[in-house]
Amino acid sequence: MSSSDDVLKSLVSHAKEYGFVFPSSEIYDGLSATYDYGPYGVDLKNNIKAYWWKAMVQIHTNLVGLDSAIFMHPTTWKASGHVDAFNDPLIDNKDSKKRYRADVLIEEYLEKIRLKIEKEVEKAAQRFGDSFDRDMYLKTNARVLGYAEEMDQVRGKMKAALEAADLESLRQLIVDLGIVCPLSGSKNWTEVRQFNLMFATELGSVSGEASTIYLRPETAQGSYVNFLNVQKSARMKIPFGIAQIGKAFRNEIIARQFIFRMREFEQMEMQFFVRPGTEMEWFEYWKNFRIKWHSVLGLGSQNYRFHDHIKLAHYANAATDIEFNFPMGFKELEGIHSRTDFDLKAHETFSGRKQQYFDPELQESYIPYVVETAIGLDRMFLAVMSASYTEEKLEDGSERTLLALPRWLAPVKLAILPLLKKDGLPELALDIFKKLRLDYTCQYDEKDAIGKRYRRQDAIGTPYCITIDHQSLEDGMVTLRDRDSMSQERIPIQDLKGWLHQRLDMSVLLEQLT
RNA sequence: GCGGGAGUAGCUCAGCUGGCUAGAGCAUUAGCCUUCCAAGCUAAGGGUCGCGGGUUCGAAUCCCGUCUCCCGCUCCA
């Protein structure tokens, strides 16, 4: 075990113990790669979302929001390419341990029959010489007709099984045909399993093909199919963008590394529609803006790097990842893609509805090009947690566990602590607590020694503690204790709001982006 | 799917050559003490020792099966 594994392990433990992330369905032994967000986790997550939403939708006048449904018309995924690209029925041979595509095995079988027909034809051609009529022979020879008949039957069965996603029949077909593994020569097959990126479920109570529906594997398509709705209803002019935060689902073959790769996850995506030919300028703009969004949080610039794609997906003409230095190493945190007009064009074809924008400056209509920014919310959560989590050794030899979260994102912003649980200190502290909780998430704590309470707040990343002592009763001043430096300063109670505003309000952070 | 590792309290673990009502530290709760940085005092709560079966007078411990999680490989935006 390397130390990076230990870091991740400690982080997982800490996240569970302090109510950030729990393994899902834990009382039933858990569910692989599925996690629940606890009381502090959900606040941290919500704060990340708020930061993203404000930075994107609120401060960009050319961005608007959308919250489209997780269910979408099945044709959506045909148009996007997801159905065809990730729909392989796979079967394993138990002896050779080799994995095959079931349909390919059957295709190869069909090819063998076809070769047999060819052989018959060749033989006949030799027999009949120049008078040989190939077409006539194919239509009349009993043996050839038998082969052809078998091919038709097999092909029909395979097609039916594939279209109905009937894996049992597909396997039965392989068994019935006596197909053997090219390597081991055995017929010792496993079940046929569908490796599909998308989760299928059924809409309505009547089962059958027509009601098969998918849980969306990305939120982007919701923005594409609503492109014209949004453009018209919000009176948007190109260039403009649609932002969306929401859950997405992918049937990853391996889903691991804590919340880094989950089958159910949340995305923060933005689709920016531009005039064709201008996409690279906007690609650059969003690339710069997105890295700025990350850097002002202060997780450390050395933890980020760009990774430009050399091999591009079918829909893209430029792509880069923002990678983050996770405990497992640098991994993709966010993707910025120039997706061309691939998606809108496909939807126009499949739906038969024009997906075009009339550009008043050019006096012409076109399908816009799209620049996408897509960040994994759970990955961002993990990035924030892992960069913030530290086990400190203090000068006096003691240790403390510190979650140095960016203070705007901290689930609890303030802890209000009476130094002693008597002499009227709790009363004043509660008084302050009740006022501050209107603006910030606060905790009131009067239990245990003051040092212990500070450490408790350090563990959940509370940036500031406000301590009320006897002197506070006389001079109206309180102690503000800083989480990271542990330094203290006295400030008047009436100055608290202004002091806190400068340090905690997101508007101050957003200002750095403009 | 293959290989490796691991399942005992909320967390980290001990116990595992079979044998008292299954433990420790931290955490939690209640109270005490304390005027500013954990490990002060008292008490309490919390565990079907992953699950099932077997061997035995007796199983957390031995045997068999099974499930789950983690890591690597395979696969893969």
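Computed from a prediction, not measured in an experiment: that's the story for all the values here.
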Taking a pair as Watson-Crick or G-U wobble with both distances under 3.5 Å, which nucleotide is matched to [N]?
N	value
B:rU55	none
B:rC73	B:rG1
B:rU34	none
B:rA60	none
B:rC16	none
B:rU48	none
B:rA22	none
B:rU68	B:rA6

* Given RNA chain B, 5'-ward residue of the pair A:Gly451 and A:Asp321, judged by closest heavy atom -> A:Gly451
* CZ/A:Phe306: more than 12 non-hydrogen atoms of other groups inside 6.0 Å -> yes
* To do: State whether the number of non-hydrogen atoms from other residues, nucleotides or ligands found under 6.0 Å of A:Lys345 atom NZ is greater than 12.
  => no
* Asked: How far does OG of A:Ser24 sit from CD of A:Glu264, to the nearest 0.5 angstrom?
  -> 8.5 Å
Distance, rounded to the nearest Å, where [X] contributes [atom1] and [N] contributes [atom2]:
X	N	atom1	atom2	answer
A:Leu11	B:rC70	CG	P	15 Å
A:Asp448	B:rU35	CG	C1'	17 Å
A:Lys447	B:rA30	NZ	P	6 Å
A:Met486	B:rC36	CE	C1'	12 Å
A:Glu446	B:rC36	CD	P	18 Å
A:Lys331	B:rC76	NZ	C1'	12 Å
A:Leu425	B:rU34	CG	P	14 Å
A:Tyr40	B:rC11	OH	C1'	16 Å

* Just by modelled atom types, is the A:Leu8 backbone N or O under 3.5 Å from a matching donor or acceptor in the A:Tyr389 side chain? -> no
What does [X] touch in the nucleic acid at a heavy-atom separation under 4.0 angstrom: a base, only the sugar-phosphate, or nothing?
X	answer
A:Arg400	nothing
A:Arg490	base
A:Gln471	nothing
A:Phe260	nothing
A:Ile450	sugar-phosphate

Would you call the rings of [X] and [Y] parallel, tilted or perpendicular if under 30° counts as parallel and over 60° as perpendicular?
X	Y	result
A:Phe272	A:Trp282	tilted
A:Phe273	A:Tyr224	perpendicular
A:Phe258	A:Tyr35	perpendicular
A:Phe324	A:Phe326	perpendicular

Between [options], which one does the side chain of [X] approach most closely?
X	options	result
A:Thr467	B:rC36, B:rU35, B:rA38	B:rC36
A:Gln257	B:rG72, B:rC37, B:rA77	B:rG72
A:Tyr35	B:rC70, B:rA38, B:rC71	B:rC70
A:Glu17	B:rC36, B:rA77, B:rA27	B:rA27

What integer number of Å spans the [atom1] atoms of [N] and [M]?
N	M	atom1	answer
B:rC49	B:rG23	P	14 Å
B:rU28	B:rG45	C1'	8 Å
B:rC16	B:rG58	C1'	16 Å
B:rG25	B:rA9	C1'	12 Å
B:rU8	B:rU42	P	30 Å
B:rC20	B:rG1	C1'	48 Å
B:rA14	B:rG50	P	14 Å
B:rG31	B:rA22	P	31 Å

* Asked: For B:rC11, does either OP1 or OP2 sit under 4.0 Å from a side-chain N or O belonging to A:Lys16?
  -> yes
* Side-chain N or O of A:Arg456 less than 4.0 angstrom from OP1 or OP2 on B:rA27? -> no
Quick one: does [X] reach the base of [N] with a side-chain donor-acceptor pair under 3.5 Å?
X	N	answer
A:His337	B:rA77	yes
A:Arg481	B:rC37	yes
A:Ser13	B:rC11	no

